[in-house]
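Sequence positions, counted from 1, serve as the residue numbers for this chain. What you see is a predicted model; the values in this text were computed from it and never measured.
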Amino acid sequence: MGRGRVTLKRIENKINRQVTFSKRRSGLLKKAHEISVLCDADVALIVFSTKGKLCEYSTDSGMERILERYERYSYAEMQTKTTHNETQGSWSLEHAKLKARIELLQKTQRHFMGEDLHSLSLKELQNLEQQLDTALKHIRLRKNQLMLESISELQKKDKELQDQNNTLSIQIKELEKDIPSHQQQNNETMPSFQFEIFNNPNMCEQPRMEGEAEENLRQAQMGTVMPPWMIQHMNK
């Protein structure tokens with residue numbers, strides 16, 4: 001059968017305890033040396049016996065250098081943990097403050113909406129009413145200001161439109177003044193033209209004379225050029 005598992009507890013017998021310490025100390029030093037050689041690690045081992053006897057082992061870098069490096073690492077690790085803890089504590093405190101503020105704002109909003117008023121005292125209700133009255137005054141002042149600004153803007157636009165209307169009216173009146181003068185000039189030119197036509201009858205007879213000349217020319221051409229057989233055919 002294999003060797004059973006050894007229960008780890010303090011050995012009561014002093015002799016056995018000293019023998020076990022010597023054996024395991026040698027094995028521990030051997031393991032420390034092996035891991036330093038195989039893995040190229042800096043190893044420092046310090047062991048104090050029950051009688052206060054020191055047993056140590058260190059690699060070639062030396063015990064003091066390894067301990068100094070350990071102290072620097074421990075200090076940096078402690079600072080990191082402290083900063084992390086402080087940061088966590090600060091964020092937790094900030095979160096609690098913001099959460100409480102949000103709850104207070106939500107509660108105040110419900111009160112302004114007329115909800116959850118049963119928990120308020122008479123004085124708190126009076127303060128709430130005063131706050132609402134002040135808010136309504138500010139709202140009315142802002143509303144009146146916007147209405148006045150809107151009325152002023154509309155009056156400005158109305159004045160601009162009236163100016164444009166007056167300008168167009170003046171232009172129309174000027175055009176109406178120019179129209180009768182043109183009509184009078186047309187009336188003055190028409191009788192002179194008719195008078196020339198009446199005084200010169202040849203102007204009216206010219207189209208008729210031109211038509212007669214064309215008819216005579218056509219008949220002359222027919223009399224001189226048309227052959228006899230065509231004339232007989234036409235008489236038929």
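Closest of all the heavy-atom pairs between Arg10 and Arg17 is NH2-NH1, 3.4 Å.
Every pair tested for side-chain hydrogen bond (donor to acceptor under 3.5 Å, both in side chains) that includes a residue from residues 123-141 fails, sequence neighbours excluded, so the list is empty. Legend: side-chain hydrogen bond (donor to acceptor under 3.5 Å, both in side chains) pairs involving residues 97-110, not counting sequence neighbours, sorted by first then second residue: Arg110-Asp116. Residue pairs satisfying the salt bridge (Lys or Arg N to Asp or Glu O under 4.0 Å) criterion with at least one member in residues 147-160, sequence neighbours excluded, are absent. Residue pairs meeting the side-chain hydrogen bond (donor to acceptor under 3.5 Å, both in side chains) criterion with at least one member in residues 165-174: none, sequence neighbours excluded.
Leu104 CG: more than 12 foreign heavy atoms inside a 6.0 Å radius. Within 6.0 Å of atom CZ in Phe112, more than 12 heavy atoms from other residues, nucleotides or ligands are found, so the atom counts as buried in its surroundings.
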Donor-acceptor list for residues 31-50 side chains, cut-off 3.5 Å, not counting sequence neighbours:
{"unit_1": "His33", "atom_1": "ND1", "unit_2": "Tyr57", "atom_2": "OH", "d": "3.0"}
{"unit_1": "Ser36", "atom_1": "OG", "unit_2": "Ala32", "atom_2": "O", "d": "3.3"}
{"unit_1": "Ser36", "atom_1": "OG", "unit_2": "His33", "atom_2": "O", "d": "2.6"}
{"unit_1": "Ser36", "atom_1": "OG", "unit_2": "Tyr57", "atom_2": "OH", "d": "3.4"}
{"unit_1": "Asp42", "atom_1": "OD2", "unit_2": "Arg69", "atom_2": "NH1", "d": "3.1"}
{"unit_1": "Ser49", "atom_1": "OG", "unit_2": "Lys51", "atom_2": "N", "d": "3.4"}
{"unit_1": "Ser49", "atom_1": "OG", "unit_2": "Lys53", "atom_2": "N", "d": "3.0"}

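Rounded to the nearest 0.5 angstrom, Leu154 CG and Leu161 CG are separated by 10.5 Å. Interatomic distance, CZ of Arg142 versus CE of Met147, reported as 13.0 Å (0.5 Å rounding). Atom-to-atom distance recorded for Phe21:CZ and Ser26:OG is 9.0 Å, nearest 0.5 angstrom. Atoms CZ and CG, on Arg65 and Asp60 in that order, are 11.0 Å from each other to the nearest 0.5 Å.
For Ser58, the side-chain hydrogen bond (donor to acceptor under 3.5 Å, both in side chains) test picks out no residue, with sequence neighbours left out.
A 4.5 Å side-chain heavy-atom check between Gln145 and Leu141 finds every atom pair outside the cut-off.
One hydrophobic cluster, built from ILVMFWY side chains closer than 4.5 Å, cannot hold both Met63 and Leu29; they sit in different ones.
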